[in-house]
There are 2 protein chains.
Amino acid sequence: MTSIFDQDLPRDAANFAPISPLSFLERAADVYPQRVAVVHGPLRRTWAEVDARCRQLASALQRAGLGKGDTVAVMLPNVPAMVEAHFGVPMAGAVLNTLNTRLDPEAIAFMLDHGEAKAVIVDPEFAPAMQKAIALRRDARPLLVVDAEDALFTGAAQRIGTTTYEAFLAGGDPAFAWELPADEWDAIALNYTSGTTGNPKGVVYHHRGAAINAISNILEWDMPKHPVYLWTLPMFHCNGWCFPWTIAARAGINVCLRKVEAKAMADAIREHGVTHYCGAPIVHGLLVNAPDGLKSGLPRGVKAMVAGAAPPASLIEGMETLGFDLTHVYGLTEVYGPATACAKHAEWDGLDIGERARLNARQGVRYHLQRSARVLDPQTMAPVPWDGETMGEIMFRGNITMKGYLKNAKATQEAFAGGWYHTGDLAVQYPDGYIKIKDRSKDIIISGGENISSIEVEDVLYRHPDVLAAAVVARPDPKWGETPCAFVELKVGAKLTAEEVVAHCRKHLAGFKVPRAVVFGELPKTSTGKIQKFELRKQAGSAAAIDV
Amino acid sequence: MTSIFDQDLPRDAANFAPISPLSFLERAADVYPQRVAVVHGPLRRTWAEVDARCRQLASALQRAGLGKGDTVAVMLPNVPAMVEAHFGVPMAGAVLNTLNTRLDPEAIAFMLDHGEAKAVIVDPEFAPAMQKAIALRRDARPLLVVDAEDALFTGAAQRIGTTTYEAFLAGGDPAFAWELPADEWDAIALNYTSGTTGNPKGVVYHHRGAAINAISNILEWDMPKHPVYLWTLPMFHCNGWCFPWTIAARAGINVCLRKVEAKAMADAIREHGVTHYCGAPIVHGLLVNAPDGLKSGLPRGVKAMVAGAAPPASLIEGMETLGFDLTHVYGLTEVYGPATACAKHAEWDGLDIGERARLNARQGVRYHLQRSARVLDPQTMAPVPWDGETMGEIMFRGNITMKGYLKNAKATQEAFAGGWYHTGDLAVQYPDGYIKIKDRSKDIIISGGENISSIEVEDVLYRHPDVLAAAVVARPDPKWGETPCAFVELKVGAKLTAEEVVAHCRKHLAGFKVPRAVVFGELPKTSTGKIQKFELRKQAGSAAAIDV
């Protein structure tokens, strides 16, 4: 028998609305129309203005024939047009595909083809690469190409499109009556994974997940209304961890930044009273390691979110000296960016820096509105004991997990096997339930049958005061199968020998975990500051390696 | 053709979970197990303990044969068992029906019958009324009656049930593996409207709406983690505006309070470092009008939420003197409690108190995650012009609107006519989009064909320094149809004549709006502090009225 609570109580426009981050922009423009929404050099735009421009973009896209389920690719730095694309594209019913600005033309062409892009918006800095990519496309269907001019771009502007962004917007209606998606499960964004092996996979986000992760960002950070957010994290990376939508939900200020450099960051923080920013450890390191003069006058209490790698103790200490408040989060493209946070506890405050760094280096617990984050045995799907020792795979379930991989049912099914999203990250769970990554499954080093966590060795290297950055990868070895090879980037002016590096490691690690080779030099990094281990693996056997 | 974004991308346990406030308790217990969750006199319980007790309650209910869609009625003050009921009952799949503790046996019996309650949990203070209600039930099916003992109840405890709450819990499993509802649209709570005419209507809440309003509370208040929340607002009233779920989402402290009195409030605020509380204006007035000695040592910066009536200027001033931060919200049972907020703007800070009071007295704008709140012409459903003059009816749509009225399809359809929830409140919308209530449709006074807003007249009465509370209702008049009759409650020691009241009104109101009769005395109020106008209407023609 149907329960009385399921009789005559259907969904209706009065009591149901699809959950979408588009509602956040609408409310910001309704309630705080005159508050500044975007800062870019001398440019200021209010939420009313941004809202009108997003409606124009949506209207212009529809007039150009785009609509539900059509892909709009953008290749833009953190400029105002990128903020607008996060609303204007889905307001048209279309799907936003933000392209990594460091991609080569072949990769771009693959994504344009695979994502079936019908329009592209491109910054002049990336127009040459995009032009080559368009020439490489296999898809013969027409592609609308829009040049997004930017007053702060200092290079020689090359136009490759049929229109400019401002001209395109001018053809749209600033009062365009956009509609929420018919279903909150509709796609809002497409993000290609970096794909170190094989073709990149297209991760599809939906409106429900985007809104729920955007709100989770607020909850994790206790973010009050009207934050001043500095765009150090690329918006092309997991849609900037959903922060374009978070900042709209809080009616905050997006401080745009074409390029992440210490001086530009420090200037922006001082000038605009920045309250929040995100980035990989290297982004925070830029500030921490900057000359004192550059740091003078920085406000205290700025909240910084770090992900991509665990923050080493030296970074945590440096941030504390600056008076910045660091939150460590972890995630992947497939979970909308951050999906766990190392939630702090009052009782940690009294611990020494080493212990605090150890606790904060953990990936922590599920994000507020994610259903679950656990370490499971990938074979049995049983939870590992919470002993800080037993390794398993980090798995997620809940509303902050992608819709799936575009046109790749097999990969989606594999990723979701057993009703959990499999991250491929190997980890342990501590008695307090906190997760700590030991390694990517593909980064683990197997030496004489023993597993070596590359992260564990890297943590030790980072503890050396002369080390700026470090990475450890497997090097083929005729006797042991594999041995650890360390890549070390020293701080400016620092001098260190391979023997000293090894001696330092011996103090903290079991013998079989100590690197057998050391390579000095700048480490190759992705545009988001992640160290590119697949590049290092190629170099591990090269002449530059100093055997020890 | 199906979009590529709708192919092979289905819902799965990995990427979809029903939205429910039950997840908030789960996370609080997982991440902050040792933090205090509940304070009640000398009692302290952590989130781990509350979680275990809620699981016990759910398990015990299932063992007693209750499950999905079964109603559990509770008649409890703001005690720990009431917090637990908000989780334990829905964890069993059941629906929580919180009964107003001031109801008479007839009304209780009606609700037990109409809601088809299978179990009742009752505080000893209300056991006599409940016993009579049970005797009046028409429903012949068995009813499980549980006595919720409370160490802080000082009266003579009367047991009317077959078990006590603690004994009942002891029969449940503290590790009970509860499940999220199969559908987030499933009912979580049933709240009867006060129903001044006809039978009360049963407002059904679902998991989705409860969670979304609980999060909206956080967003409106910029509520950080670990608030200390004082339970001045009855939890039986719209589930305490969803705050039991909000406090779990923030891993805060529920400071319980059996009875709302100035001394108990002030003591609790000082002793526990209360950061947030809610209530009708009268609740805040208790503190503002308390003797100075009682107020000494109150911390500054406490955040207070007021609804039920617009806060008069004197209250806003009094709260400012206390250093409390007042937020004005508005809502109804049908919209989960608060569903608009008078969001403040920085530029208001510089205005004088009169102007700020005028701005803050408005009902404001839609709650963060509500889709829309607008003033529409109920005939044409067209928006009224935003001129601060043209009246229409406040209407809501979105996820913070009830599932509907239980077993009352007709009332549900009427309430949702045209895809909007019709509040019955008449209002205007100002040029900034802010809504201001002019009256309940049934409270409007029509005198000589002219509409008189009872609220407008009341606002003027509240401006008189001797007036503690005021209400204005229609009195039948042979010549004018109706005329305004004022009910005035004076401050202690104050003296005022009917002529002086009228003279004060003449200074601020057009002649036809000035009350033609004045009644002095204490005003009848509901348990939530709302003035009972239907009682006053009965008295308006009585001998107590002084014609002027």
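No experiment lies behind these values; they were computed from the predicted model shown.
Residues G69(B) and S3(A) come closest through the heavy atom pair CA-OG, 3.6 Å. The minimum heavy-atom distance between D222(A) and P224(B), with the atom names listed, is OD2-CB, 3.5 Å.
Side-chain contact check for L219(B) versus R250(A): some heavy-atom pair is nearer than 4.5 Å. Using a 4.5 Å cut-off on side-chain heavy atoms (C-beta onward), T412(A) and D12(B) make no contact. At least one side-chain heavy atom of K225(B) sits less than 4.5 Å from a side-chain heavy atom of H368(A). Side-chain contact between L9(B) and V204(A) is present, with at least one heavy-atom pair separated by less than 4.5 Å. The shortest side-chain heavy-atom distance between I19(B) and R208(A) falls under the 4.5 Å cut-off.
Among the candidates T71(B), D70(B), V95(B), the residue making the largest number of heavy-atom pairs closer than 4.5 Å to chain A is V95(B). Counting heavy-atom pairs closer than 4.5 Å to chain A, the top residue among R11(B), H226(B), M223(B), M402(B) is R11(B). When each of I400(B), D183(B), L180(B), I212(B) is checked for heavy-atom pairs under 4.5 Å with chain A, L180(B) comes out on top. In terms of heavy-atom pairs under 4.5 Å with chain A, the best-connected choice from V335(B), L406(B), D8(B) is L406(B). Contact tally against chain B (heavy-atom pairs below 4.5 Å) for D186(A), I215(A), V31(A), N408(A): the top residue is V31(A). Between chain B and the residues A187(A), A13(A), G115(A), the most heavy-atom pairs under 4.5 angstrom are made by A13(A). Heavy-atom pairs under 4.5 Å with chain A were tallied for G209(B), P18(B), P33(B), P10(B); the largest tally goes to P10(B).
Heavy-atom neighbours of chain B within the stretch residues 21-29 of chain A, taken at a separation under 4.5 angstrom, comprise S23(A), F24(A), E26(A), R27(A).
The aromatic rings of H345(B) and Y32(A) sit tilted, their planes meeting at an angle between 30° and 60°.
No donor-acceptor distance shorter than 3.5 angstrom exists from the side chain of N15(A) to the backbone of T401(B), with no hydrogens or angles considered.
A salt bridge links K68(A) with D6(B); the closest basic N to acidic carboxylate O contact falls under 4.0 Å.
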